[in-house]
Amino acid sequence: MPKPGGLLASGGLFLLAILGSAAATVYTPKHEPGRCAMRGHCGARTFFQLPCVDNGLAEEPDAELRQQLTELCGPKWAQGPVCCNAEQVDALKSNFKTATQIIGTCPACKDNFYNLFCTFTCSPDQSLFVNVTNAMEKRGKTLVTELDQLISEDYGTGFYNSCKDVKFGPTNSRAMDLIGGGAKNYTQMLGFLGKQRFGGSPFQINFPTSYHEDGMKPLPMTPKKCNDEDPNFRCACIDCPAVCPELPDVKEAGSCRVGALPCLSFASILTYSLMLLLSAAAVAGHVAWRKHAKRRSERLRLLTDASPSDDDEDEGDLTENPAMFDRPQSTYMINTWCDAAFSRLGHMAARFPALTIVTSLLLVGILSIGWTHFELEKDPARLWVSPTSAAAEEKAFFDANFGPFYRTEKIFLVNDLNASAPGPVLSHDTLIWWMGVEKDVRQLKGNKFGSTLQDLCLMPTGDACVVQSVSAYFQDNPGMVDRDGWRDRLRECADSPVNCRPEYGQPLEPNMILGGYPESGDPAEATAMTVTWVLNNYQEGSPEVERAMDWEEALKSRLLSLQDEAKERGLRLSFSTEISLEHELNKSTNTDAKIIVISYLVMFLYASIALGSTTLSFRGFLRNPAVSLVESKFTLGIVGIAIVLMSIASSIGLFSWVGLKATLIIVDVIPFIVLAVGVDNIFLIVHEFERVNISHPDDVVEVRVSRALGRMGPSILFSAVTETFCFALGAFVGMPAVRNFAIYAAGAVFINAILQVTMFVSVLTLNQIRVENSRADCFPCVQVKSARIHLNGNAGSLGAARYYEAPGESVLQQFIHKTYAPKLLGKKTKTAVIAIFLGVFAAAVALLPEVELGLDQRVAIPDESYLIPYFNDLYDYFDAGPPVFFVTREFNATEREGQQKICSRFTTCKQLSLTNILEQERKREEVSYISSPTAGWMDDFFQWLNPDNEACCVDRRKPCFDNRKPPWNVTLSGMPEGEEFVRYLERFLSSPTNEECPLAGQASYGSAVKIDSSRNTLEASHFRTSHSPLRSQDDFIKAYASARRIANDISASTGLSVFPYSIFYIFFDQYSTIVSLTAALLGSALAIVFVVSAVLLGSVLTALVVTLTVTMAVVDIIGAMAVMGVSLNAVSLVNLIICVGIAVEFCAHIARAFMFPSRTFMERAKNRFRGRDARAWTALANVGGSVFSGITITKVVGVSVLAFTRSKIFEIYYFRVWVALVVFAATHALVFLPVALSLFGGDGYLDPESEGGLEEDLASRRYRALVPDGEDSEEEEEEEN
């Protein structure tokens, strides 16, 4: 960041040597053509020469002066008298050198600037437009101290317009900030040029817009335009928007709208509305037709006087439930094979429980050894960005060639403790106090290495640290903070930052250090100030980074204590250091471990208690409380939960062996997933086993266990395979957080399923043996004899145990098969269910465009973190955007064609060159998010070679390109190529930037170009600009997308390999593909659901219904995310993958019970249902209770505890999404799916476990006798409406 040359370019300094001293009178008595108002130098005031008052006639210059004047000011001065001498022309030439470096790239602006001061200094008609109004006497001479100069509005406006868009590349700023103090119109620019001040004009020059002095008027000068008709004065596109080519319009993604609605929303609403209207019309037509048919039937009956035959009464009752007539008769080979395989597996696990348990524990132990290689990935960049992604590779390229981006330490000091009336943050006392704080920071040492700020900071000029602070406006000197005048000083510096530059030379715009006041407001009334310390950065793990982090730890401690000091002054201080974000993200409090553990414990407890209720009725407990000690299944529940934990430990151990790092998401979420799946499977196995106990009490335990697993095993296989494949899809995602989670989750679910059908079945066998021996749960050595009755009436210890009575169905099961299922499968209810669920689905689709992208940093860190107020202040008060670099990969800039692709200030530069495109994009900031001029090293390098800039490139005390053939010119024909280009470029990049040559490249471009001297080419280079202020996640995402688009456009236009880079891009790269990635992952998962369903269920129709149900549930969840303010990011993507798996878990068992209906349950359907309705009723009656109590209630209990979390990220991305998951997955599985299956489900198959000839028929009859339907058995109603 260079010092742009003493700001002689401010205009007034060009008068230093031009004008001199004079004595005596104050007025210019004569105003007529050919007469002067001043001439020559008469002496100095302080350090600056003042002109002499001279109202004499203009004089003819000698030949030497004429030549000097013509060379400097142009051919129009080749004849006629003048009002200046050689001394003034020499001073004018000297001071124009700095102006040339700043505005010389725009010939029109340069000509107007030169013309203004040449005319002011030397015009023979000077007295016509210059009137000396004040003077001073010194050594007998009269020195001008104040004058009025008349400039026409046309010339002033034209001059300003020709210069207002000129850029000064080295400082990445506008030239108007340097020559005009950031003027917004020509009067402000002239006022800045003429104001008497140190570093400006040595005397006051007023530019009145109207004047009443006789004989005075502005000279009729015509300004040059930046798009002048004369090509010799026409400026380049970068300095003159009027000559720029027009870029094609940018079509914003998602811009398709119908009125206020996105096209997708409109289409969804319209489609559903049309379907609803058509359905209503169809129903109305059907009702009308039925009424018509009924009336016709009645008329026919009256005509025929028909009466029922008495013979009908002799037909007798049906000997079998009519539903059984439609019972499936065929078998499905794959299901039969699965049933047999699981039966054999269950029999083996039940017959050899000890061997099975020991083998399972041994396997888990071996896999868990991998925990010795366990590593937790905490680096956000490595979590959310694929190492092979474009953003990661580009960051590595940038760091390798230019060094890592600077380390920044930033504070905000805000006066908002009184929220109702925030006041100015600055006062005399606050400024003095803060300067003391900055002094302390400069002296601060790291605790370990003892490094200071001076050892670590960025020094662009080699001797001063970059510290962006309001203190710089006062030269970091408390003595300059006048109690009464500090506000005026602040306002002056804010108006003209170039006059109050800090030691490192870069002017500080007020928006970089002050906030909370309008752009045109008073900076002294700002409610916030910000200070930034900039440190050098190095490769991660280097000793330099260790020293920087050590100092940042010391700074963090100092700033934390400083917050109390600020509070005592009625102010609030927030801050962030380079190490802060990663530290806060990885705080253990962020995981809210206690709440998560409590959530899991509550699920454990519920599962253990609920399992016991499968055989323990309240009536049985009252009759003999001792039974509860035996029938309790608490131990079984604990073992089931232990298996869940073992599967997680095994999965983590297995993948830790192969070097796959875990993340906090894995630690927090996978237990929930495996519990969701595992607990449900436990409930299904236990419930089915209890039914087998009732229907086949005489079989040995091994056979009963075999039967139960044979029936439930295929369901477990269905859900386990589907979920494993769904989760495994994530392994193909490049994002490490998602990929690692998916792999760990797939492994845990698969291992859990294996342990459940082996180890858990063995424990279930041992538990049943314990129950039949009347031994107490948890204490199997204790036998509870009072819980037994022997058939022979003896109280001995031998004999087969029998219950007092077979346990009746639970209230839930009775409600489902007596009330819920019949009502749900009624025709009117079906119609309403389909309409409502499709309506919700349509609404969810309409809400899809409203789902936002991003993950606010304030959500990801603990609520009590000191970074929360910092990010709030950053968005509220900081009015500058992050820098962005457009980086070129290797290209040959030594050839003219390559030079023309990246330059912009020369006539032969390509119209759509790199810098021209960036300048055009800057002019449409609302689309490009680019706000600053581009720092283009090629243009400044060639300007540095300009022999007019005599202090820049010098060989043997002469300009390098002086008398060069061909000469330096704007057509690039005289510019170096090949080896000469490389040689001069190396000199430019190492040339110190100073006031004599602000164009020199050391400060601005020293690290911007990577030269390969051996091949005479450039390995890399970058062009620096900055984004507009980014205040939301949406802004950051759009800025990144826009930079990508711009880089692609540049590459297409120039043929160069160009990419954008900014420090935040690596974190937002995921959002460029997350929508398509989400669609691909969910689409692939749903395809897997369909394929696995079709194979294991044996029906494409049923598979389609299951897939549609899961799709609707997931889409509804995404729609709910839009309503609940849950944005789409890597965390929510993980949760959506979970949603597919859990939704399958809800649906799988009901779908399989529909396709393979249990004979025992189907016979109880009575006359109510036929065909698919009967099978849908059977599915609900059979497994509906298990799905509700085993999955739904477990999730509700666990998720409810998360409502008490203190962590925002858990509250938003886990609690809200999982609530939506439980609601939509449960309702779709228990409401929509049975209805859809009853309407569109495929043909069913025989259930192998329900078939077996006379034995199975007797068992079925026994089960029906032990578990009667009560009053329900007498109801023969068939719902037709």
Would you confirm whether [X], through its side chain, and [Y], through its main-chain N or O, come within 3.5 Å as a donor-acceptor pair?
{"X": "Asn1135", "Y": "Tyr1213", "answer": "yes"}
{"X": "Thr1111", "Y": "Thr1107", "answer": "yes"}
{"X": "Thr829", "Y": "Lys823", "answer": "yes"}
{"X": "Ser265", "Y": "Ala846", "answer": "yes"}
{"X": "Thr1102", "Y": "Ser1099", "answer": "no"}

List the steps, then state whether side-chain contact (heavy atoms from CB on, under 4.5 Å) holds for Leu1246 with Ser330.
-> CA-CA 6 Å; Leu1246 282 172; Ser330 61; over 6 Å; no
Taking atom OH of Tyr272 as the centre, does the number of heavy atoms from other residues, nucleotides or ligands within less than 6.0 Å exceed 12?
->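 Yes.
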Would you say that [X] contacts [Y] through its side chain, given a criterion of any heavy-atom pair below 4.5 Å between the two side chains?
{"X": "Leu1128", "Y": "Thr1078", "answer": "yes"}
{"X": "Phe725", "Y": "Val749", "answer": "no"}
{"X": "Asn335", "Y": "Arg1152", "answer": "yes"}
{"X": "Val1131", "Y": "Tyr1214", "answer": "yes"}
{"X": "Val851", "Y": "Ser1127", "answer": "no"}
{"X": "Asn1182", "Y": "Glu688", "answer": "yes"}
{"X": "Phe1224", "Y": "Val840", "answer": "yes"}

Say you draw a straight line from CG of Asp339 to CG of Leu709; how long is it, rounded to the nearest 0.5 Å?
->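 Answer for the CG-CG pair, Asp339 versus Leu709, is 9.0 Å.
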Under the side-chain contact (heavy atoms from CB on, under 4.5 Å) rule, what do Ile1118 and Leu848 come out as? Steps first, then yes or no, please.
-> CA-CA 7 Å; Ile1118 298 175; Leu848 291 182; 3.3 Å; yes
Can you tell me if Thr336 and Tyr1245 form a side-chain donor-acceptor pair at under 3.5 Å?
->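 No, Tyr1245 and Thr336 have no side-chain donor paired with an acceptor closer than 3.5 Å.
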Taking only Lys NZ, Arg NE, NH1 and NH2, and the carboxylate oxygens of Asp or Glu, determine whether Lys830 and Asp1173 approach each other closer than 4.0 Å.
->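 Result for this pair is yes, salt bridge flagged.
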Are His1228 and Phe837 an aromatic pair by the rule of ring centers under 6.0 Å?
->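 Between His1228 and Phe837, the centre distance is under 6.0 Å.
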Mind listing the closest non-hydrogen atom pair of Glu850 and Pro262 along with its distance?
->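 Smallest interatomic distance, heavy atoms only, reads OE2-CG, 3.8 Å.
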Quick one: closest heavy-atom pair of Leu1230 and Phe1188, and the distance?
->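 In this case the closest contact between Leu1230 and Phe1188 is CD1-CD1, 3.9 Å.
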Only one of Leu729, Leu1082, Ile1117 forms a side-chain contact (heavy atoms from CB on, under 4.5 Å) with Val1140, so which one is it?
->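 Going through Leu729, Leu1082, Ile1117 one by one, the side-chain contact (heavy atoms from CB on, under 4.5 Å) with Val1140 is satisfied by Leu1082 alone.
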State whether Phe1154 and Arg1175 meet the cation-pi test: NZ (Lys) or CZ (Arg) under 6.0 Å from the six-membered ring centroid, and within 45° of the perpendicular axis.
->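 Verdict for Phe1154: a cation-pi partner in Arg1175.
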Trace of the side-chain contact (heavy atoms from CB on, under 4.5 Å) decision for Arg1172 with Leu1239 | CA-CA 7 Å; Arg1172 286 191 294 262; Leu1239 295 172; 5.7 Å; no
